[in-house]
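Here the structure comes first, spelled out in structure tokens, and everything after it is commentary.
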Amino acid sequence: MTQYRAIRGMNDILPEETPLWQYLEQQVRLLLGSYGYSEIRLPLVEQTELFSRGIGEVTDIVEKEMYSFPDRNGDSLSLRPEGTAGCVRAVCQHSLATVVQKLWYSGPMFRYERPQKGRQRQFHQVGVEAFGIESADIDAELILLSARLWKNLGIDGQLELQLNTIGSAETRTAYRAALVEYLRDFEGVLDEDSVRRLDTNPLRILDSKNRSTQRLLDNAPALLDYLDTSSAEHFQQLQELLRAVGLDFTLNQRLVRGLDYYNRTVFEWVTDALGAQGTVCAGGRYDSLVQQLGGKATPAAGFAMGMERLVLLLQGLGDAPVTANPADVYFVAAGEGAQKLAFQIAEQLRDQLPERQLLVHCGGGSFKSQMKKADKSGASLAVILGDQEVSDGTAGLKKMRHADAQGRQQTLLQSELAGQICELLKQEG
RNA sequence: GUGGCCGUAGCUCAUCAGGUAGAGCACCGGAUUGUGGCUCCGGAGGUGGCGGGUUCGAGACCCGUCGGCCACCCCA
């Protein structure tokens, strides 16, 4: 029984899983680079106020999910529950938005929630943000690059794009009033959470999972009818751009986001392969956030993707796209002299083959047990050194998993070893 | 925060009217002298999450607690 456990909801990513994470991160990095986005690295901790002002005081994230604590000087700090607020803060602080900025970041986020499939208390997001562009083309680009990432990862078949617009602040004020007026009449039949939201955040009622609430909404006023003309045009342009490149999407009028800063475009990539946490990537436009956080008015749009959820999708692919790297050469060394010799030869070989994985056996043991380790390492070649080789200047070189038992092992001079290994590895590619 | 299911070796799990625990995989060693993969033999490894209760006796029953999973909620 282990004495210490990781904090609930904060999981270790074990060596077995890291190759898949590295693969995912690499694909993300390449793709974002190809669209001209630059990485920005941000602190995990910010002033609590940045989040309450940015995300919204009455959102669940701020109300009950933040890890907040007083700093030693009494300031209230919080572990970031999302990345956009901090990114906007950095953009303002360093006056980055004097020109168009296309940025991305990745790292852990923290929310105090009950863990379940696809949901941790410490989880990882990659966020992508574009500052300084008001037109719908950047909305389209953000969506297109995410679509391309799914394709590159081979998970595009499992994802569907849902799209909506929530218009301007005025749109929502007017619509909110109409929606509340409509729903008040059904207060008796609404589910408990939706009743509460009538006062706090009525738009969130739209994406309630409650079936009877959803039925009530069938006859509710539609946000589209309250849309201001420029938002309507913006939305129209976005759809045209997406259609122009043949990207499928579903209009979902009940799609609203849980963070207050969004306006106009909102979108989600959803899957039914992950149980209840089906949103893998989501975002939208947030034109007033920069100004709201003290910067110059700057239009902006962005999205975030949940890395754990993407990893789950990749793992579900069956054919694991990545596995652990097998070794190339394993040095079996029995005896003190052989150990020294193995290190010498291996170090020399590392100069010539920096890309190859060379393992020198450590920890002693019989030839037999060392050979077992060599086999398990996946190495294609084993170098065998013992007292005899030390004294006569030779080395055994064995091709592991070689069909022909006869030609499997050769004895050669130590001076020939490096050249022969290079040659054999080159043959294998 | 609420609810359902679950908690036995590193991992996956079993056993039994309640009588103080097993298998497979993994690990270690051996099967002729210094050599892997297959097979065979052997070994190590568990205060049965923790605490309390019922009982002559509990891993098995009851209560509590902690933890896990899933769902609500929330959201990436």
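Protein chains get the first letters and strands the later ones, always in sequence-line order, with residue 1 at the start of each. The figures here come from the full heavy-atom set of this structure, side chains too, leaving out hydrogens, waters and symmetry mates.
Taking 3.5 Å as the limit, the base of B:G1 and the side chain of A:E113 contain no donor-acceptor pair of atoms between them. With hydrogens and angles left out, the side chain of A:Q116 and the base of B:C73 share a donor-acceptor pair within 3.5 Å. You'll find a donor-acceptor pair under 3.5 Å spanning the side chain of A:R119 and the base of B:C74, going by distance alone. Looking at A:K368, its side chain has no donor and acceptor atom pair within 3.5 Å of the base of B:G34. A donor-acceptor contact under 3.5 Å is formed by the side chain of A:R408 with the base of B:G36. Side-chain N/O atoms of A:Q370 and base N/O atoms of B:U35 include no donor-acceptor pair closer than 3.5 Å.
Both A:Q388 and A:F123 lie near RNA chain B, and the one whose nearest nucleotide falls closer to the 5' end is A:Q388. Of the two residues near RNA chain B, A:R111 and A:G386, the one whose nearest nucleotide lies more 5' is A:G386.
When both pairing distances are held under 3.5 Å, B:C40 makes a Watson-Crick or G-U pair with B:G30. Pairing for B:C25 goes to B:G10, judged as Watson-Crick or G-U wobble with the two contacts each under 3.5 Å.
Distance check, rounded to the nearest 0.5 Å: CG of A:L161 to CH2 of A:W150 gives 10.5 Å. Distance check, rounded to the nearest 0.5 Å: CD of A:E181 to CG of A:L198 gives 12.0 Å.
When distances are taken from the side chain of A:K209 to each of B:G36, B:C74, B:A71, the shortest belongs to B:C74.
Atom pair A:K398:NZ and B:G36:C1' shows a separation of 6 Å (rounding to whole Å applied). The distance from atom CZ of A:R8 to atom P of B:U65 is 13 Å, rounded to the nearest whole Å. Atom CG in A:D260 sits roughly 14 Å away from atom P in B:C74 (whole-Å rounding). In this entry the distance linking CG of A:D12 with C1' of B:G10 reads 15 Å, nearest Å. Look at CD1 on A:I384: it is 9 Å from C1' on B:G34, rounded to the nearest Å. Taking atom CG on A:D193 and atom C1' on B:G1, their separation rounds to 11 Å, with Å as the unit.
Look at the C1' atom in both B:G7 and B:C40: the space between them is 36 Å, to the nearest Å. Comparing B:G51 with B:U47, their C1' atoms sit 14 Å apart, to the nearest whole Å. Going from the C1' atom of B:G67 to that of B:C50 covers 10 Å, rounded to whole Å.
A close approach under 4.0 Å does not occur between any side-chain nitrogen or oxygen of A:R196 and OP1 or OP2 of B:G1. The phosphate of B:C27 (OP1 or OP2) has no side-chain N or O of A:K372 nearer than 4.0 angstrom. At B:C28, one or more side-chain N or O atoms of A:K373 fall inside 4.0 Å of OP1 or OP2 (strictly under the cut-off).
Ring geometry, A:Y330 versus A:H361: the interplanar angle falls from 30° to 60°, so the pair is classed tilted.
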Let's go through A:R41 and A:E39 carefully: what are the C-alpha distance in whole Å and the side-chain angles of both, what is the deciding distance for salt bridge (Lys or Arg N to Asp or Glu O under 4.0 Å) to 0.1 Å, and is it a yes or a no? CA-CA 7 Å; A:R41 300 199 178 191; A:E39 184 182 3; 3.0 Å; yes
